[in-house]
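On a predicted model such as this, the values are computed, not experimentally measured, just so you know.
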Amino acid sequence: MIYLIILLIIGIVIFFSYRRKKYIEYIKGNSVTLKKLLDLNNKYRFYKITANAKRTQDYDNKIYYDSISCEDYLIYQLQFEQYVVLKEMNYVAINKREYVKYCEEIKSIKNLGEFENFNNRLNKKYLLRLEELLFKEGLLAPQLSFSISVVLYLTTLKGEKIAAKWASFEEGQIRELIKKLNYKRGNFYNDRGIWDAICRVERGKVSNKMRFEIYARDGYRCKICGRTDREVNLEIDHIKPIAKGGKSTYDNLQTLCVYCNKEKGDKY
């Protein structure tokens, strides 16, 4: 008995799936409104926005993780991405203007229930319900807002995530940060907060994993005085200081003891 019930249920599912498919085929081939919608969609070309993707960064050093904010990280990234970001924010503005026109034209063409070759054998109520669904699915949905989210993770040396912090920045906030980034004389930022943020993120690029690799490369020995980790505490030094434009790259990092590092300071 149970097998007959299962077969009956399967049969009902197949029947209604087949019925729905046939109705949809008929609607797509005969709905006047859907054809008008297709023509309207071909008329409008909205911009695709990609620069608002989420930014993420891992830190295996808790000191850096605690000191660097999501805003710091966004400021750092905007040094290199601001032109693309500004361009796409302008695209969003264009999308908004065009979408208003699009919506007005949608109102003028929406007249459900008008078919080129109406079939009286079809269930009119079900037909209209499916046409309404297909109409909604066919509407264009352009990007009408711009925001960037930043997620920073604290990880172990093996890359396992153990904590996270995040923030989302709207278009107005992003434009303000870009304005501050560009308010400078040469390489000098007039807004000290912008420069401090960039320095924190650049310094934070020296992960613990990278630190140990630099120590190993330099033989666990100070590059100036030659003392080893058995004799004195060692630190990682930026050969060209961050304050003078130095980057946290392997070729710009070296092992120094605490005394040589202090004496060197920002010399280059």
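- In this structure Tyr189 satisfies the side-chain hydrogen bond (donor to acceptor under 3.5 Å, both in side chains) test with no other residue, sequence neighbours excluded.
- In this structure, Asp39 does not pair ionically with Lys35, as no charged nitrogen and carboxylate oxygen lie closer than 4.0 Å.
- By the 6.0 Å and 45° rule, Lys96 does not stack over the aromatic ring of Tyr91.
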Glu98 vs Asn95, side chain to side chain donor-acceptor pair (under 3.5 Å): CA-CA, chis, key distance, verdict: CA-CA 5 Å; Glu98 290 298 298; Asn95 281 354; over 6 Å; no

Audit row: Glu105, Ser108, side chain to side chain donor-acceptor pair (under 3.5 Å) steps and yes/no: CA-CA 5 Å; Glu105 292 201 54; Ser108 68; 5.5 Å; no

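- Apart from Ile63 itself, the hydrophobic cluster it occupies contains nothing, where clustering links Ile, Leu, Val, Met, Phe, Trp and Tyr at side-chain heavy-atom distances under 4.5 Å.
- Judged by the 6.0 Å and 45° rule, Lys124 forms a cation-pi pair with Phe118.
- Ion pair Glu202/Lys205 flagged as a salt bridge, since at least one NZ, NE, NH1 or NH2 atom sits closer than 4.0 Å to an Asp/Glu carboxylate oxygen.
- Clustering of Ile, Leu, Val, Met, Phe, Trp and Tyr side chains at separations under 4.5 Å places Leu234 together with Leu157, Val206, Met210, Phe212, Ile214, Tyr215, Tyr220, Val232, Ile236, Tyr250, Leu253, Val258, Tyr259.
- Note: Leu134 CG to Leu139 CG = 11.0 Å, rounded to the nearest 0.5 Å.
- Within the structure, side-chain hydrogen bond (donor to acceptor under 3.5 Å, both in side chains) contacts touching residues 132-161 (residues at least two apart or in different chains) are Lys110-Glu132.
- Distance CG/Asn182 to NZ/Lys180: 13.0 Å, rounded to 0.5 Å.
- Applying the side-chain contact (heavy atoms from CB on, under 4.5 Å) rule to Cys199 yields the partners Trp195, Arg203, Ile242; only residues at least two apart in sequence or on another chain are considered.
- Applying the side-chain hydrogen bond (donor to acceptor under 3.5 Å, both in side chains) definition to pairs two or more places apart or across chains, those involving residues 235-244 are Glu235-Asn261, Asp237-Gln254, Asp237-Lys264, His238-Ser248.
- In this structure, Tyr64 has its ring center at least 6.0 angstrom away from the ring center of Tyr59.
- Between Cys257 and Asn233 there is no side-chain heavy-atom pair separated by less than 4.5 Å.
- Looking only at distances, no side-chain donor or acceptor of Asn30 sits under 3.5 Å from a matching main-chain atom of Glu116.
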Worked verdict on Tyr26 versus Phe115 for ring-ring contact (aromatic ring centres under 6.0 Å, His included): CA-CA 9 Å; Tyr26 170 80; Phe115 299 97; 5.6 Å; yes

